[in-house]
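Beneath this line is the structure, given in structure tokens, with notes to follow.
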Amino acid sequence: MNITDFVEVGKVVKTHGVSGELIVELDNPEILEETTEPVVLEIEGLRVPFFISHAQAISTQRARIQFDCTKTEQRAKSLVGCRLLISPNLLEDLDNGYASPNALIGFKVIDKTKGEIGNILRIDNLNINPLMVVGDAEILIPFHPDFVTKIDFRKRQVSINVPEGLLHINN
């Protein structure tokens, strides 16, 4: 797997203690607890692989992790603010219900009847109703299990089946 295919799932938000542990914010912290695959941090625009020596979910959106190479607070501080990316393999085994909408930015959206709509430009998180902003026309599509039928992390595609007229509501 090429690290350019990795998907963003969160961000390093702060250090924890003096032994190099970090707090990361992501939608499903449990995904990091069992992985033996490397994760990737984006450091100054470069994607750098890291192996997790231990990880523990500490809330519904945060995990405390330590990488093999971060044994000091100073080293950990240098990673604060980095984006966290993981292999699509880790996401494929999970339900579509897991997927962080933010992990889908850049994915191609394909409607069952209309075909290709465009790429996801951003996610507008409106409390519990995130909206995918898609294509140059910035079409708003609810990120909801009733509309999102499949997420293919390898192909970087989101398949949708939306009611007639929803794609033209902005016009």
Side-chain angles (χ1 to χ4, degrees), residues 1-109 119-134 141-145 148 150-158:
M1 169 78 36
N2 190 336
I3 63 173
T4 59
D5 297 329
F6 278 42
V7 177
E8 182 178 351
V9 293
K11 184 177 181 178
V12 178
V13 292
K14 64 182 183 176
T15 61
H16 178 80
V18 295
S19 62
E21 290 183 313
L22 295 159
I23 302 295
V24 294
E25 199 166 81
L26 64 164
D27 286 339
N28 188 349
E30 293 85 17
I31 197 168
L32 299 177
E33 290 182 328
E34 302 296 324
T35 186
T36 57
E37 292 189 37
V39 297
V40 169
L41 293 181
E42 193 169 272
I43 303 170
E44 297 178 8
L46 298 174
R47 292 184 172 193
V48 181
F50 286 83
F51 283 94
I52 296 173
S53 60
H54 73 270
Q56 178 184 5
I58 57 173
S59 75
T60 58
Q61 293 194 313
R62 287 191 171 194
R64 186 175 69 226
I65 64 172
Q66 184 162 27
F67 297 116
D68 288 346
C69 63
T70 57
K71 301 297 181 196
T72 67
E73 182 181 16
Q74 189 62 28
R75 175 69 175 130
K77 280 182 180 179
S78 70
L79 302 176
V80 172
C82 292
R83 297 181 332 148
L84 174 72
L85 301 97
I86 62 174
S87 167
N89 297 339
L90 295 175
L91 297 173
E92 284 180 342
D93 297 333
L94 302 171
D95 307 354
N96 286 348
Y98 153 74
S100 164
N102 289 321
L104 305 176
I105 294 173
F107 279 37
K108 186 181 301 182
V109 176
N119 292 342
I120 299 173
L121 303 175
R122 68 180 183 280
I123 303 295
D124 285 346
N125 285 313
L126 304 172
N127 295 327
I128 59 171
N129 299 313
L131 295 171
M132 298 181 285
V133 180
V134 180
I141 303 169
F143 183 77
H144 191 275
V148 177
K150 181 179 180 188
I151 299 172
D152 188 328
F153 288 95
R154 288 191 188 277
K155 292 182 180 177
R156 298 181 56 85
Q157 292 180 346
V158 176

Enclosure of Lys14 NZ (heavy-atom neighbours >12, cutoff 6.0 Å) = no
With sequence neighbours excluded, residues passing side chain to side chain contact (heavy atoms under 4.5 Å, CB included) with Lys11 | none
Within-4.5 Å side-chain heavy-atom neighbours: Phe143 and Ile123 | no
Closest heavy-atom contact between Val148 and Pro142?
-> CG2-O, 4.4 Å
For the residue pair Val48 and Val40, establish whether any side-chain heavy-atom pair is separated by less than 4.5 Å.
-> no
Please tell me if the side chains of Leu41 and Leu84 come closer than 4.5 Å, counting only heavy atoms from C-beta onward.
-> yes
For Gln66 and Lys71, what are the C-alpha separation, side-chain angles and deciding distance, and is it a side chain to side chain contact (heavy atoms under 4.5 Å, CB included)?
-> CA-CA 8 Å; Gln66 184 162 27; Lys71 301 297 181 196; 3.8 Å; yes
Yes or no on side chain to side chain contact (heavy atoms under 4.5 Å, CB included) for Phe107 and Asp152, after CA distance, side-chain angles and deciding distance?
-> CA-CA 9 Å; Phe107 279 37; Asp152 188 328; over 6 Å; no
Qualifying residues under salt bridge (charged side-chain N to carboxylate O under 4.0 Å, His left out), relative to Glu42, sequence neighbours excluded = Arg47, Arg83
Side chains of Phe6 and Val39: does their closest heavy-atom pair fall under 4.5 Å?
-> no
For Arg75, check side chain to side chain contact (heavy atoms under 4.5 Å, CB included) against everything at least two apart and list the hits.
-> Phe50, Cys69, Thr70, Thr72, Ser78, Leu79
Residue pairs, two or more places apart or on separate chains, that pass side-chain hydrogen bond (donor to acceptor under 3.5 Å, both in side chains) and touch residues 48-59 | Glu21-His54, Gln56-Arg64
Using a 4.5 Å cut-off on heavy atoms from C-beta on, say whether the side chain of Ile86 contacts that of Thr35.
-> no
Does the side chain of Val109 reach to within under 4.5 Å of the side chain of Asn119, using non-hydrogen atoms?
-> no
With sequence neighbours excluded, give me every ring-ring contact (aromatic ring centres under 6.0 Å, His included) pair touching residues 69-91.
-> none
Glu30: what forms a side chain to side chain contact (heavy atoms under 4.5 Å, CB included) with it, not counting sequence neighbours?
-> Asn28, Glu33, Ala57
Listed once per pair and sorted, the ring-ring contact (aromatic ring centres under 6.0 Å, His included) pairs that draw on residues 7-45, sequence neighbours left out = none
Non-hydrogen side-chain atoms of Leu85 and Val7 separated by less than 4.5 Å = no
So, do Leu32 and Leu26 sit near enough that their side-chain heavy atoms are less than 4.5 Å apart?
-> yes
Apply the test side chain to side chain contact (heavy atoms under 4.5 Å, CB included) to residues Thr15 and Val80: give CA-CA distance (whole Å), side-chain angles for both, the deciding distance (0.1 Å), then the verdict.
-> CA-CA 7 Å; Thr15 61; Val80 172; 3.9 Å; yes
Nearest atoms (heavy-atom pairs only) where Leu104 meets Ile151 = CD2-CG2, 3.7 Å
